[in-house]
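Written below as structure tokens is the structure these notes are about.
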Amino acid sequence: MAQNENLAALSAAGVSVWLDDLSRDRIKSGNLADLVATRSVVGVTTNPSIFQAALSKGHDYDGQLKELAAQGADADAAIRTMTTDDVRAACDVLAPVFEATGGVDGRVSIEVDPRFAFDADKTVAQAIELWKIVDRKNLFIKIPATEAGLPAITSVIGEGISVNVTLIFSVPRYRAVMGAYLDGLRNAQIGGHDLAKIHSVASFFVSRVDTEIDKRLDAIGTPEALALRGKAGVANARLAYAEYQDVFDGGAHTSTYNHLAAQGGNRQRPLWASTGVKNPDYSDTLYVTELVGPNTVNTLPEKTLQAFADHGEVLGDTLSGRAAEAAQVFADLAAVGIDLDDVFALLEREGVDKFESAWNELLDATTGELRTAAAGGN
């Protein structure tokens, strides 16, 4: 089977294509393997909302739920078992990619319990637990980039565990995330871990930024404000990429990383998340075409993946050298009255709340299904 030309061109431009979805059906049906073979997919990301959707559909988990009910498992234990089983199986599907890319890709991410987003100690403890349960070298543990998450990132990296930092919305927080990663590498080195085996990505959210800022621009309603709709998400990501280059790719602050790189340390790649377009007025491949650059990851919902396969265009590097232009967009947003600090604080709170709500829904549904299974129901 041949790879789709559009997605192969995206990969050739330096973008690792990851799928932002996972379910047991995808694995069992061979769909995930097919996406690897024909859609250039070299990684998978999950989150509590994805698992909530997967476990609420169909009957793929019925048999395992009955077994777990018979064992007396509670909802937390059942969810941990089912989700880690799926992630382990996905890791096995992607193992050849992991080997072929020297551990850079072929990765599958699983997130710590979102209820721990503001508790560093519980986050670290569960990250270590999930790493041991899944027991695959190509696993990423997802840790949110809350203020409490930052020391947790450093601690988990320091244990030699690879991390996907999630829910990054602002450039200042992204700087702090890169710092937390480098601190973790230093700790890992001191602890005797092989730095070459530790990888990380920093998941910078895109479409949610436009959704919130566009809403505020509509409320302002001036021609100057309305002209800025749909520009903030891409501008924000381009500013983040400039920061990445500064720290990891020959910029003014790359010396710290170079010292660790000499010991085998890997760069922490920026990952563009939330890249499904939510406004139908915008191109459905906007957050792919406009965010192409070396050493990046784009994790795509399947709808966006297939849209790019059908009609996506690679217009070269659309990230490098765009920081001044992006900064002007932010200056213009501030000039029309957008409080960017407030936007980013709100998006972080909403991001954590969304995942926590999905997790609580999953717990409630699983509790009910375990009761039904224990009672001998279908």
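We number each residue from 1, following the sequence as shown.
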- prompt: Could you go step by step and tell me if E111 and F355 meet the side chain to side chain contact (heavy atoms under 4.5 Å, CB included) rule?
  reply: CA-CA 10 Å; E111 189 153 347; F355 286 163; 3.5 Å; yes
Minimum side-chain heavy-atom gap R173-F344 below 4.5 Å: no
field: Flag side-chain contact, heavy atom, 4.5 Å: Q245 against Y241
entry: yes
task: Applying side-chain contact (heavy atoms from CB on, under 4.5 Å) between L300 and each of D20, T285, V41, V17, report the one that passes.
output: V17
query: Looking at side-chain heavy atoms only, is the closest gap between D353 and E350 below 4.5 Å?
result: no
- request: Using a strict 4.0 Å threshold on nitrogen-to-oxygen distance, state whether K28 and D25 make a salt bridge.
  value: no
task: Indicate whether the side chain of S320 and that of D317 have a donor and an acceptor atom separated by less than 3.5 Å.
output: yes
message: Could you check, using the six-membered ring where one of them is a Trp, whether F248 and Y257 have ring centers closer than 6.0 angstrom?
response: yes
field: R216 bridged to E212 by N-O distance under 4.0 Å
entry: yes
task: Taking the side chain as every heavy atom from C-beta outward, state whether I157 and V163 have any pair of such atoms under 4.5 Å apart.
output: yes
message: L10 vs V288, test: side chain to side chain contact (heavy atoms under 4.5 Å, CB included). Steps then yes/no.
response: CA-CA 9 Å; L10 186 63; V288 187; 3.6 Å; yes
field: For the student: nearest non-hydrogen atoms of D284 and T304, plus distance
entry: O-CG2, 3.8 Å
message: As an exercise, state the distance from CZ of R136 to CZ of R107, rounded to the nearest 0.5 Å.
response: 13.5 Å
message: Would the distance check show the side chain of R269 and the main-chain N or O of H199 forming a donor-acceptor pair, the cut-off being under 3.5 Å?
response: no
message: Could you check whether Y282 and D214, counting side-chain N and O atoms only, form a donor-acceptor pair closer than 3.5 Å?
response: yes
message: If we ignore hydrogens and angles and just use 3.5 Å, is the side chain of R371 paired with the main-chain N or O of G368 as donor and acceptor?
response: no
query: Taking the side chain from S16 and the backbone from V297, do they hold a donor-acceptor pair closer than 3.5 Å?
result: no
- prompt: Should we count CD of Q263 as having more than 12 external heavy atoms under 6.0 Å?
  reply: yes
- prompt: Is Y61 reaching over with its side chain to a backbone N or O of A54, donor-acceptor style, under 3.5 angstrom?
  reply: no
message: With heavy-atom distances below 4.5 Å as the criterion, would you say the side chains of D218 and R229 are in contact?
response: yes
field: side chain to side chain contact (heavy atoms under 4.5 Å, CB included) assessment of D121 paired with F116
entry: CA-CA 9 Å; D121 291 341; F116 301 160; over 6 Å; no
task: Identify whether the distance between the nearest side-chain nitrogen and carboxylate oxygen of D249 and R267 falls below 4.0 Å.
output: yes
- line: Shortest non-hydrogen pair, A78 vs A73, comes out as N-CB, 4.5 Å
- prompt: Between S109 and T45, do the side chains contain an N or O donor and an N or O acceptor separated by less than 3.5 Å?
  reply: no
Y244 versus M178, closest heavy-atom pair with distance: CA-SD, 4.0 Å
Worked check of side chain to side chain contact (heavy atoms under 4.5 Å, CB included) between F308 and V314: CA-CA 10 Å; F308 199 87; V314 176; 3.9 Å; yes
message: Please give me the minimum heavy-atom distance between A196 and N266, naming the atom from each residue.
response: O-ND2, 3.1 Å
query: Nearest 0.5 Å, what's the CD1-CD distance between I141 and E159?
result: 12.5 Å
message: If the threshold is 4.0 Å, N to carboxylate O, is there a salt bridge linking E243 and R175?
response: yes
- prompt: Under a 4.0 Å N-O cut-off, is there an ion pair linking K132 with E129?
  reply: no
message: Given 3.5 Å as the limit, does a donor-acceptor pair link the side chain of T154 with the main chain of A180, or not?
response: yes
task: Kindly say whether K354 contributes a backbone atom to a donor-acceptor pair with the side chain of S357 at under 3.5 angstrom?
output: no
field: E313, CD: over 12 other non-hydrogen atoms inside 6.0 angstrom
entry: no
- request: Using distance alone, with no hydrogens and no angle criterion, decide if S207 and K278 have a side-chain donor and acceptor under 3.5 Å apart.
  value: yes
field: Parallel, tilted or perpendicular, as decided by the 30° and 60° cut-offs, for the rings of W272 and F204
entry: perpendicular
F140 vs V108 side-chain heavy atoms within contact, under 4.5 Å: no
- prompt: Where the side chain of T318 meets the backbone of E290, is there a donor-acceptor pair that is under 3.5 Å apart?
  reply: yes
statement: Smallest heavy-atom separation, A75 atom then T367 atom, equals CB-OG1, 3.3 Å
task: Determine yes or no for a side-chain-to-main-chain donor-acceptor pair under 3.5 angstrom, with Q3 supplying the side chain and V36 the backbone.
output: yes
- request: Search all heavy atoms of W131 against all heavy atoms of G160 and return the closest pair with its distance.
  value: CZ2-O, 4.3 Å
message: Using modelled atom types and a 3.5 Å cut-off, is there a donor and acceptor pairing between side-chain atoms of N138 and backbone atoms of F98?
response: no
message: Using side-chain heavy atoms (C-beta onward) and a distance below 4.5 Å, is L19 in contact with E302?
response: yes
message: I'd like to know if D60 and R26 make a salt bridge, using a cut-off of under 4.0 Å between side-chain N and carboxylate O.
response: no
message: Please tell me whether Q328 and D332 have a donor and an acceptor in their side chains that are separated by less than 3.5 angstrom.
response: yes
query: Taking the side chain from N298 and the backbone from V292, do they hold a donor-acceptor pair closer than 3.5 Å?
result: no
